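Below: one structure, written as structure tokens.
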Amino acid sequence: MEQRFVHFLHGYVRIRIMGASCDRFLNLCAFHGIFLWRLLPADGAYEACVSRTDFLKLKEIVKKSHTRIRIIKRYGLPFFIHKYRKRWACAGGALAACLFMAWLSSHIWNISIEGNLSQTDDVIFEYLGNEGVSHGMWKNQVDTLTLSDQIRNYFPSFSWVSTELKGTRLVIYVKEGISDAATGEGASDIQEGLAATGLAASKPGTVVSVYVRKGLSAVSAGDVVEAGELLVSGRIPVYNDDGEVISFQEVTADADIVLRTETAYHDEVPCETVLKSYTGREKNRYLIRICGSSFSLPGGWGAFELCDVTGVISQLKLSENFYIPAYFYKYTAREYENLQYYRTKDEVQAILESNLSIFVQNLEEKGVQIFQNNVTIDLYENTAVADGVLITDESAVIYTAENTDSSLSD
């Protein structure tokens, strides 16, 4: 592949060798170090490729071997430039295209996040925007190591963060920790601004288990705690030989704490509802956005009075990791009619059970274990209600600032 590129840069020709002493011609070329490739017989003669510089050396060899050569075709950049030497607009356009591609490749046009569960992409993108990381920024303005540390510090639920530049993409890989203790509001500010940070209960409950990695436990299994009560202190006492506290070591508490708590649940489904009956009629609308400017293609759905609109966005790319700031939007409008419908008791009960199942599944995905389900479903004349509490085992803790002036109580 590299040799072919070199031949293209220097230029080469395809020649036909004719005469009775073609073998002598080939031997003389080998003796003088003239390289021939793609040598093939053709109608009682030979055809081969030779570089532009070696072709100029064939005059004496042709004379000695009593052969004749004829150029069949010319290849390579020098011949291309010579052919189009008077078309400066083409050359300028090619140069402008190369410069534009170089400019595109020096920017970030796609940011993707992989591995996040507790934090949505929108929340992370909002943080990145506040930090000045956005689509269209120069690649050399991104320090991947610093950005990884900043994201990990701002989102304590991320136990590991790595950022990587791939072509025009910025890929952020995250791995979330088992504990959700640090997902409380203001946790990152507490960690950055205070030396001693403890863990407190985010809701009332009963302590099921405590495993402390850093800090001093203030509760034990079986204790009943209230919201805001300190569970693990970030102030570790230092004793002298007489057993007296002489100072405190201030750390950020780290522990796995499981609380048995109650989560209220309420859902209501009316028996009478309005259902959408789709007519089968659809219309599409297309839009192109390039560098922030949008261009609408012909079409629309102005004739539909009631319709659902869905959209698909595709970002154009030249390769797997070479994205460009061009987006293609496809909107689909589906016409429907409103129909009054009265659900049966079995139908509303099935809806409530499905909603409760989804709610429980979402809790379990966050690491919450359902210990007891005390939700009941009551059916009335015009509605059905699911109401009750879920007794759960979860890491319902948050970071809290500790008063460094107070002494540690037993």
Side-chain angles (χ1 to χ4, degrees), residues 1-110 136 138-140 164-171 288 290-291 314-328:
M1 186 67 182
E2 294 180 359
Q3 190 64 34
R4 290 176 60 184
F5 182 70
V6 172
H7 290 323
F8 174 79
L9 288 180
H10 292 87
Y12 64 96
V13 294
R14 182 77 175 173
I15 61 174
R16 173 168 291 183
I17 309 163
M18 299 169 288
S21 303
C22 293
D23 293 343
R24 179 172 172 76
F25 174 86
L26 297 176
N27 291 332
L28 288 173
C29 287
F31 177 78
H32 289 87
I34 297 176
F35 178 64
L36 303 175
W37 68 94
R38 290 170 58 190
L39 179 64
L40 297 172
D43 298 331
Y46 289 96
E47 290 184 1
C49 293
V50 61
S51 66
R52 185 170 59 93
T53 54
D54 287 343
F55 176 78
L56 302 176
K57 304 176 184 178
L58 295 179
K59 184 176 182 179
E60 293 298 327
I61 295 177
V62 169
K63 185 182 297 185
K64 289 182 180 180
S65 61
H66 304 287
T67 55
R68 292 174 293 111
I69 61 174
R70 181 166 60 90
I71 297 177
I72 299 176
K73 195 171 182 180
R74 298 171 175 83
Y75 301 90
L77 185 61
F79 298 111
F80 178 82
I81 295 176
H82 183 268
K83 182 178 180 180
Y84 297 100
R85 62 188 182 278
K86 294 183 179 180
R87 301 183 181 181
W88 295 107
C90 293
L95 178 60
C98 293
L99 294 176
F100 182 64
M101 292 297 294
W103 180 82
L104 285 176
S105 63
S106 62
H107 290 70
I108 295 174
W109 301 113
N110 179 270
W138 292 89
K139 291 166 60 175
N140 57 13
E164 182 182 8
L165 287 171
K166 290 184 175 181
T168 60
R169 297 179 63 202
L170 175 63
V171 185
I288 297 177
I290 301 176
C291 295
S314 301
Q315 185 175 5
L316 302 184
K317 58 181 180 179
L318 303 180
S319 64
E320 181 180 359
N321 294 313
F322 199 127
Y323 285 78
I324 60 177
Y327 302 84
F328 180 78

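This is a predicted model, so every value here is computed, not measured. Throughout, residue positions are numbered sequentially from 1 according to the sequence presented.
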Checklist entry - Is Trp138 close to Ser106 at the side-chain level, that is, under 4.5 Å between some pair of heavy atoms? => result yes
Item to check | Residues that Lys166 engages under side chain to side chain donor-acceptor pair (under 3.5 Å), provided they are two or more places apart | outcome: Tyr173
Checklist entry - Short question: side chain of Trp109, backbone of Leu104 - any donor-acceptor pair under 3.5 Å? => result yes
Checklist outcome for this item: Residue pairs meeting side chain to side chain donor-acceptor pair (under 3.5 Å), one or both in residues 23-35, sequence neighbours left out, come to none
Item to check | Arg74, CZ atom: more than 12 neighbouring heavy atoms under 6.0 Å | outcome: no
Checklist entry - Under 4.5 Å between any side-chain heavy atoms of Leu316 and Tyr327, yes or no? => result no
Checklist entry - Is the backbone of Trp103 close enough, under 3.5 Å, to the side chain of His107 for a donor and an acceptor to pair up by distance? => result yes
Checklist entry - Is any side-chain heavy atom of Phe55 closer than 4.5 Å to a side-chain heavy atom of Ile15? => result yes
Item to check | Side chains of Met101 and Phe322 in contact at under 4.5 Å (non-hydrogen atoms) | outcome: yes
Next on the checklist: What verdict does the side chain to side chain contact (heavy atoms under 4.5 Å, CB included) test give for Ile324 and Leu318, after you've listed the backbone C-alpha separation in whole Å, the side-chain angles of each residue and the deciding distance to 0.1 Å?
Outcome noted: CA-CA 8 Å; Ile324 60 177; Leu318 303 180; 4.2 Å; yes
Checklist entry - Ignoring hydrogens and geometry, is there a side-chain-to-backbone donor-acceptor pair from Glu47 to Leu39 under 3.5 Å? => result no
Checklist outcome for this item: Hits for side chain to side chain donor-acceptor pair (under 3.5 Å) against Ser65, two or more places apart or cross-chain, chain-then-number order -> Thr67
Checklist entry - Going by heavy atoms in the side chains, are Ile34 and Val50 under 4.5 Å from each other? => result yes
Item to check | Exam field: side chain Lys139 to backbone Leu170, donor-acceptor pair closer than 3.5 Å | outcome: no
Item to check | Within 6.0 Å of CZ in Phe328, more than 12 heavy atoms from elsewhere | outcome: yes
Checklist entry - Okay, side chain of Arg52, backbone of His10: is any donor-acceptor separation there less than 3.5 Å? => result yes
Item to check | Val62 vs Phe25 side-chain heavy atoms within contact, under 4.5 Å | outcome: yes
Checklist entry - Centroid-to-centroid, Tyr12 to Trp37, below 6.0 Å? => result yes
